[in-house]
Chemist: 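The structure is given below, and queries will be raised subsequently.
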Amino acid sequence: MRANFSNMDRFELVKGVGQEIIKESELKQLLREKKHPVAYDGFEPSGLAHLPVGVYRPLLIKDLLAAGVKVKLILADSFAWINNKFDGDLERIRTAGEYFVEVWKAAGVDMKKVEVIWHKEFFDDPEYWKKVIIIARNHSLKRTRRSLAIAGRSDDDSQSAALNFYPSMQCADIFHIGADICQLGLDQRKVNMLAREIAEKRDIVKQLGYEGKGVNGKPVIVSHRMLMGLDGPAGAKGFDEDSAIDRAISSKMSKSIPDTSIFVHDSAEDIKRKINSAFCPMNTAKDNPVLEYTKEIIFRSSGELEIKRPEKFGGDFTFSSYRELEASYAGGDLHPQDLKGAVAREIDRLVSPIRVHFEKDNKAARLYEAVTNG
RNA sequence: CCCGGUGUAGCUCAAUUUGGUAGAGCGUUGGACUGUAGAUCCAAUGGUUGCUGGUUCAAAUCCGGUCGCCGGGACCA
């Protein structure tokens, strides 16, 4: 990897990670001002690692690291506990968290450069709770409910009251770790926006100990894309007022729907079968999950893609950029079935080291076992 | 703790009033059509009716008990 990136290169790298950036001008400024700004991502340990978490996120982390960004990863064990994951058993939640760390190691992330934070540490810190309350004091209950972005608005009232702590806590995380960049999924944008709004008050920023962080005491938001499920775009489910964002979130690949997800433990045959049955309209680049994986995963990881196909369909061909491939596909020169073959092969190439690690390594196998039976 | 509602196929629900061993849509699988998928058409797959005891020739249905979920209320010295 090259050692000296220009600020413009660094900007392009970070920009490439985000589907939405609030705001680009601030990101530019941040990268100018700080050689090693802090970005954070966090999530609740639960279930098995699928493509977005097990393969895509590691690729994004690598890009951030390459841009000189310091990456902090919050394993939201206490959030999972509040949410009653694993029957509220913190030990099992922690095991699930360790499993994910193991996934990223196997995916080739240099975990020495990534700071892993267990949220439970904050949970036990009175200073953290002070920040949670300061944030809660500075926005309305209505705003908190809006930030939750729970699908199916009609039964919002029957949700656990504990969920109301989420937004204030998640915001507090940002200030508590002094994150310059909120690098979470697009589905988390509302909470990040809330943090920006709260950060507009100077005295609050001071109380939260966030002075000098972000840009002018405000965090920059770099929301990464939600990879689509294998079955393609879904209708809007009410996650956001913006219909495009709503659809993007509604269409995301979900761990809880195994048939539309690829997991890092899937065999080459599984992957082939799943990709082959994926939604993939001919000549159409928009809302096409297979093309999305091609762009976001394959080209992000290797920079070229070889298509193998019978002579009668044009013979083998190697694309050296996504742009080139998309044009060919949109023009009808590249057939979906030929693309699928190549995509399945390349996804397996990325998944197989992880899959094998969890089969061969004793510690990893034990974690996998524990999460599977959890 | 009390009152009410509810529990039926993987999912959403019907059949309970007038007992006769369960249906639909969606999903899943296969086929047709496309050199992929989807859409469309055809076919198949689907359930110890929460659990338990009883009444009856016969119980998803009636009666008792029990468990889970949802809503409301009471208690708050």
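Not measured: the values here are computed from a predicted model. No hydrogens, no waters, no symmetry mates; every other heavy atom, side chains included, goes into these values. The sequence lines fix the lettering, A, B, ..., with proteins before strands; numbering per chain opens at 1.
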Chemist: Rounding to an integer number of angstrom, what distance separates B:rU36 and B:rG31 when you compare their P atoms?
Modeler: 13 Å
Chemist: Using atom P of each nucleotide, how far apart are B:rC41 and B:rG27 to the nearest Å?
Modeler: 12 Å
Chemist: With sequence neighbours left out, write down each residue that passes side-chain hydrogen bond (donor to acceptor under 3.5 Å, both in side chains) with A:His50, or none if nothing qualifies.
Modeler: none
Chemist: Verify whether one side chain among A:Ser25 and A:Gln29 offers a donor that lies under 3.5 Å from an acceptor in the other.
Modeler: no
Chemist: By a strict heavy-atom criterion of less than 4.0 Å, which residues belonging to residues 276-294 of chain A are in contact with RNA chain B?
Modeler: A:Asn276, A:Ser277, A:Ala278, A:Phe279, A:Cys280, A:Pro281, A:Met282
Chemist: Check the angle between the aromatic planes of A:His265 and A:Phe358 and answer parallel, tilted or perpendicular using the 30° and 60° thresholds.
Modeler: perpendicular
Chemist: Figure out the CZ/P separation between A:Arg273 and B:rA37, and round it to whole Å.
Modeler: 14 Å
Chemist: Using the side-chain hydrogen bond (donor to acceptor under 3.5 Å, both in side chains) criterion, which residues pair with A:Glu197? Sequence neighbours excluded.
Modeler: A:Arg143
Chemist: Transitive ILVMFWY cluster of A:Phe313 at side-chain heavy atoms under 4.5 Å: who else is in it?
Modeler: none
Chemist: Can you pull out every salt bridge (charged side-chain N to carboxylate O under 4.0 Å, His left out) where at least one residue sits in residues 273-292 of chain A? Sequence neighbours excluded, please.
Modeler: A:Arg225-A:Glu292, A:Asp266-A:Lys274, A:Asp270-A:Arg273
Chemist: Rounded to whole angstrom, note down the P distance from B:rU52 over to B:rA60.
Modeler: 13 Å
Chemist: Taking the six-membered ring of A:Trp104, is the NZ or CZ of A:Arg57 close enough (under 6.0 Å from the centre) and on axis enough (within 45°)?
Modeler: no
Chemist: Using the six-membered ring of A:Phe175, assess whether NZ or CZ of A:Lys131 lies under 6.0 Å from its centre and within 45 degrees of the ring axis.
Modeler: no
Chemist: C1' atom, B:rA15 versus B:rA24: distance in rounded Å?
Modeler: 11 Å
Chemist: Which dot-bracket notation, 5' to 3', represents the base pairing of RNA chain B when pairs are defined as Watson-Crick or G-U with both distances under 3.5 Å, crossing pairs as [ ], and inter-strand pairs as |?
Modeler: (((((((..((((......[..)))).(((((.......))))).....(((((..]....))))))))))))....
Chemist: Pull out every residue in residues 309-337 of chain A that has a heavy atom closer than 4.0 Å to any atom of RNA chain B, ordered by number, or say none.
Modeler: A:Phe313, A:His335, A:Pro336, A:Gln337
Chemist: Please measure how far the C1' atom in B:rA22 lies from the corresponding atom in B:rG38, and state the result in whole Å.
Modeler: 34 Å
Chemist: Does one side chain, of A:Gln19 or A:His224, offer a donor that lies under 3.5 Å from an acceptor on the other?
Modeler: no
Chemist: Please state the C1' separation for the pair B:rC67 and B:rU28 - nearest whole angstrom.
Modeler: 31 Å
Chemist: Please tabulate, one pair per line, each protein N/O and nucleotide N/O from nucleotides 28-33 of chain B that are separated by under 3.5 Å, including the distance.
Modeler:
none

Chemist: May I ask you to verify whether the side chain of A:Asp338 and the base of B:rG35 hold a donor-acceptor pair under 3.5 Å?
Modeler: yes
Chemist: Please step through ring-ring contact (aromatic ring centres under 6.0 Å, His included) for the pair A:His119 and A:Phe43, ending with a clear verdict.
Modeler: CA-CA 10 Å; A:His119 194 269; A:Phe43 74 100; over 10 Å; no
Chemist: Holding to side-chain hydrogen bond (donor to acceptor under 3.5 Å, both in side chains), I want the full list of residues that pass it with A:Lys252, two or more places apart in sequence or in another chain.
Modeler: A:Asp187
Chemist: Using the C1' atom as the point on both nucleotides, what is the distance between B:rA77 and B:rU17, in whole Å?
Modeler: 49 Å
Chemist: A:Tyr40: which residues meet the ring pair (Phe, Tyr, Trp, His ring centres under 6.0 Å) condition with it, sequence neighbours left out?
Modeler: none
Chemist: Under the ring pair (Phe, Tyr, Trp, His ring centres under 6.0 Å) test, which residues partner A:Tyr166, sequence neighbours left out?
Modeler: A:Phe79
Chemist: With P as the reference atom in both, quote the distance from B:rC11 to B:rU48 in angstrom, rounded to an integer.
Modeler: 13 Å
Chemist: Only pairs under 3.5 Å count here: list side-chain donor-acceptor contacts from residues 359-366 of chain A, not counting sequence neighbours, and write none if there are none.
Modeler:
unit_1: A:Asp361; atom_1: OD1; unit_2: A:Lys363; atom_2: N; d: 3.1
unit_1: A:Asp361; atom_1: OD1; unit_2: A:Ala364; atom_2: N; d: 2.9

